[in-house]
Amino acid sequence: MYEIADRVRQWLDAGRDVTVAQVVATRGFSSRDPGRAAAWTELEAPVGALLEGVDVRDVAGRPAGIVEVTITEDDAVRAGLACGGVASILVRPASAYPVELWAELADRRPVCLVTDVDGAGPTTMYTPQTIRGAGAYADPVPRLFARGTSATALTEGQAVVALWPVPTLVVVGDGLIATALANAGALLDWTVRITPEVDAAVATAQAMHHSDAVVVLSHDRAVDGPALAAALDGHAGYVGALGSRRTQAARREWLTEHGVAEADQDRIHGPAGLDIDAHTPAEIAVSIVAEILAARADSTGGSIKERGGPIHTAGVNAPPPRYG
């Protein structure tokens, strides 16, 4: 649903009647991307996508509500699915969603959507800060959101869609550590981009969101300086830089000379990584990714054994405080 947010907002601002379709359940097969969505108007072509084997035209023109779409075995083979099945797709006007939803999605923030599929009422939106107010609903609502990953559930009378953005990890530089970071990010299903070029690094860093991370490996001031300045000027949730303390000081001197405030420089995790005495590229990558996760959860990154108390500090029915 993140991928359609900007276009839907543009259409609504232009006074268009927008229809949104979203996958809320599957039977007989599993979706690779829970909660995928598409949107369209009477005048414009659809944006977004539903499922492999399901064309948006299969649901366009249907009345609002749950639309059941059957994917035959032949359709499944053509779409690369292991088998066919039935997809439950929620179709409703974009005006039935909270107005602020589209800005939240455009900013790639996590949200939980609850829709009464038996009625024509509006969809209710929750964020990590308001999910505790979902107590009026069945237990699956806060529990589903607390997983910290996109998921859907179609319960009796309710469609629940938890949307969490897939983090993007941008690595500025190359080499064995960059490759190890890419492997670690892939294990977490993150999107990883490696770029040793300063122009690409700056452009990418400026487009980061709260859920994303930038790690600077380059020690070339013509690359690491502009990349860090761009990351600090953007919205990346984590900005890290590899290198000795002398290198960190030299970078801060460059940033100061180029007008980057000291308070912004303090956001840099440098030297990057948790203190696990990492030496090999793989160990260094684990250390850095662990620090990214800790920073995202506002955690110290210490030993669970030493902390004491419940393992999940927010409780099983509360979401992790990710992305700020």
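Remember, predicted model here, so these are calculated numbers, not experimental data. One-based numbering along the sequence shown.
We find the CD1-CG distance between Ile284 and Leu242 to be 6.0 Å, quoted to the nearest 0.5 Å. Rounded to the nearest 0.5 angstrom, Thr179 OG1 and Ile194 CD1 are separated by 5.5 Å. Summarising the geometry, atom CD belonging to Gln206 is positioned 6.5 Å from atom CG belonging to Asp233; distances are rounded to the nearest 0.5 Å. Once rounded to the nearest 0.5 Å, the distance linking NE2 of His269 with CD of Gln248 reads 11.5 Å. With rounding to the nearest 0.5 Å, the separation of CG in Leu50 from CD in Gln22 is 9.5 Å. Interatomic distance, CG of Leu181 versus CG of Leu217, reported as 6.0 Å (0.5 Å rounding).
The nearest pair of heavy atoms linking Ala236 to Val239 is CB-CG2, 4.2 Å. When all heavy atoms of Ala64 and Pro93 are compared, the pair lying nearest together is CB-CD, 4.4 Å. Pairing each heavy atom of Leu228 with each of Gly240, the nearest pair is CD2-O, 4.4 Å. The two residues Ile131 and Pro142 have their closest heavy-atom pair at CG1-CA, 4.1 Å. Here the shortest heavy-atom pairing between Val198 and Ala222 reads CG2-O, 3.4 Å. Nearest heavy atom pair, residue Leu274 against residue Gly301, reads CD1-O, 3.9 Å.
In this structure, Asp107 contributes its side chain and Arg109 its backbone to no donor-acceptor pair below 3.5 Å. When atom types are taken as modelled, the side chain of Glu291 and the backbone of Gly273 share a donor-acceptor pair closer than 3.5 angstrom. Remark: the backbone N or O of Phe145 is paired with a side-chain donor or acceptor of Trp164 at under 3.5 angstrom. Put simply, the side chain of Thr204 never gets that close to the backbone of Ala201: no donor and acceptor are under 3.5 Å apart. Glu283 places a side-chain N or O within 3.5 Å of a backbone atom of His279 that can act as its donor or acceptor partner.
More than 12 non-hydrogen atoms from other residues, nucleotides or ligands lie less than 6.0 angstrom from CD of Glu257. Annotation: Leu176, atom CG; neighbour count of heavy atoms from other residues, nucleotides and ligands within 6.0 Å does not exceed 12. Other residues, nucleotides and ligands contribute over 12 non-hydrogen atoms within 6.0 Å of the NE2 atom of His209. Heavy atoms of other residues, nucleotides or ligands lying less than 6.0 angstrom from CG of Asp266 number more than 12.
Within the 4.5 Å cutoff, side-chain heavy atoms of Tyr238 are placed close to those of Ile288. Under the 4.5 Å side-chain criterion, counting only non-hydrogen atoms from C-beta, Trp254 is in contact with Pro226. Counting only heavy atoms from C-beta outward, the side chains of Ile268 and Leu232 approach each other to under 4.5 Å. By the 4.5 Å heavy-atom criterion applied to side chains, Val47 and Trp40 are not counted as neighbours. Counting heavy atoms from C-beta outward, Trp190 and Thr168 have side chains that stay 4.5 Å or more apart. Side-chain contact between Val161 and Leu144 is absent, with no heavy-atom pair separated by less than 4.5 Å. At least one side-chain heavy atom of Pro110 sits under 4.5 Å from a side-chain heavy atom of Pro165. Between Tyr126 and Val111 the shortest side-chain heavy-atom distance does not fall below 4.5 Å.
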Problem set entry | Check against side chain to side chain donor-acceptor pair (under 3.5 Å), Arg92 and Thr115 | CA-CA 10 Å; Arg92 61 186 0 229; Thr115 302; 4.5 Å; no

For this session: Start with the C-alpha distance between Val91 and Val20, add both sets of side-chain angles, then the distance that settles side chain to side chain contact (heavy atoms under 4.5 Å, CB included), and finish with yes or no.
Result: CA-CA 6 Å; Val91 178; Val20 176; over 6 Å; no

Problem set entry | Derivation of the side chain to side chain contact (heavy atoms under 4.5 Å, CB included) call for Gln158 and Val117 | CA-CA 6 Å; Gln158 288 177 346; Val117 298; over 6 Å; no

Problem set entry | Worked check of side chain to side chain contact (heavy atoms under 4.5 Å, CB included) between Leu163 and Tyr2 | CA-CA 9 Å; Leu163 296 172; Tyr2 291 101; 3.8 Å; yes

For this session: Apply the test salt bridge (Lys or Arg N to Asp or Glu O under 4.0 Å) to residues Asp212 and Arg193: give CA-CA distance (whole Å), side-chain angles for both, the deciding distance (0.1 Å), then the verdict.
Result: CA-CA 11 Å; Asp212 302 327; Arg193 298 174 183 169; over 6 Å; no

Problem set entry | side chain to side chain donor-acceptor pair (under 3.5 Å) assessment of Arg108 paired with His210 | CA-CA 7 Å; Arg108 299 190 64 78; His210 300 277; over 6 Å; no

Exercise. Does the pair Arg36 and Met1 meet the rule for a side chain to side chain contact (heavy atoms under 4.5 Å, CB included), with working shown?
Worked result: CA-CA 6 Å; Arg36 291 188 69 177; Met1 207 165 184; over 6 Å; no

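One hydrophobic cluster, built from ILVMFWY side chains closer than 4.5 Å, cannot hold both Val192 and Val216; they sit in different ones. Val286 and Leu169 fall into different hydrophobic clusters, where Ile, Leu, Val, Met, Phe, Trp and Tyr residues are linked whenever their side-chain heavy atoms come under 4.5 Å apart, directly or through other members. Val215 and Leu255 fall into different hydrophobic clusters, where Ile, Leu, Val, Met, Phe, Trp and Tyr side chains are chained together by heavy-atom contacts under 4.5 Å. Note: the hydrophobic cluster containing Ile177 does not contain Val170 (ILVMFWY, side chain heavy atoms under 4.5 Å, direct or indirect links). In this structure, Val289 is not a member of the same hydrophobic cluster as Val214, with clusters built from ILVMFWY side-chain heavy atoms closer than 4.5 Å.
One finds a salt bridge joining Arg9 and Asp6 here, because a Lys/Arg side-chain nitrogen approaches an Asp/Glu carboxylate oxygen to under 4.0 Å.
A side-chain donor from one of Gln265 and Thr256 sits under 3.5 Å from a side-chain acceptor of the other.
Each of Val69, Val24, Thr26, Thr152 was evaluated against Ser88; a single residue qualifies, Val24, per the side-chain contact (heavy atoms from CB on, under 4.5 Å) test.
Evaluation of the salt bridge (Lys or Arg N to Asp or Glu O under 4.0 Å) test over residues 10-28, restricted to residues two or more places apart or in two chains, returns Arg16-Glu44, Arg27-Glu68.
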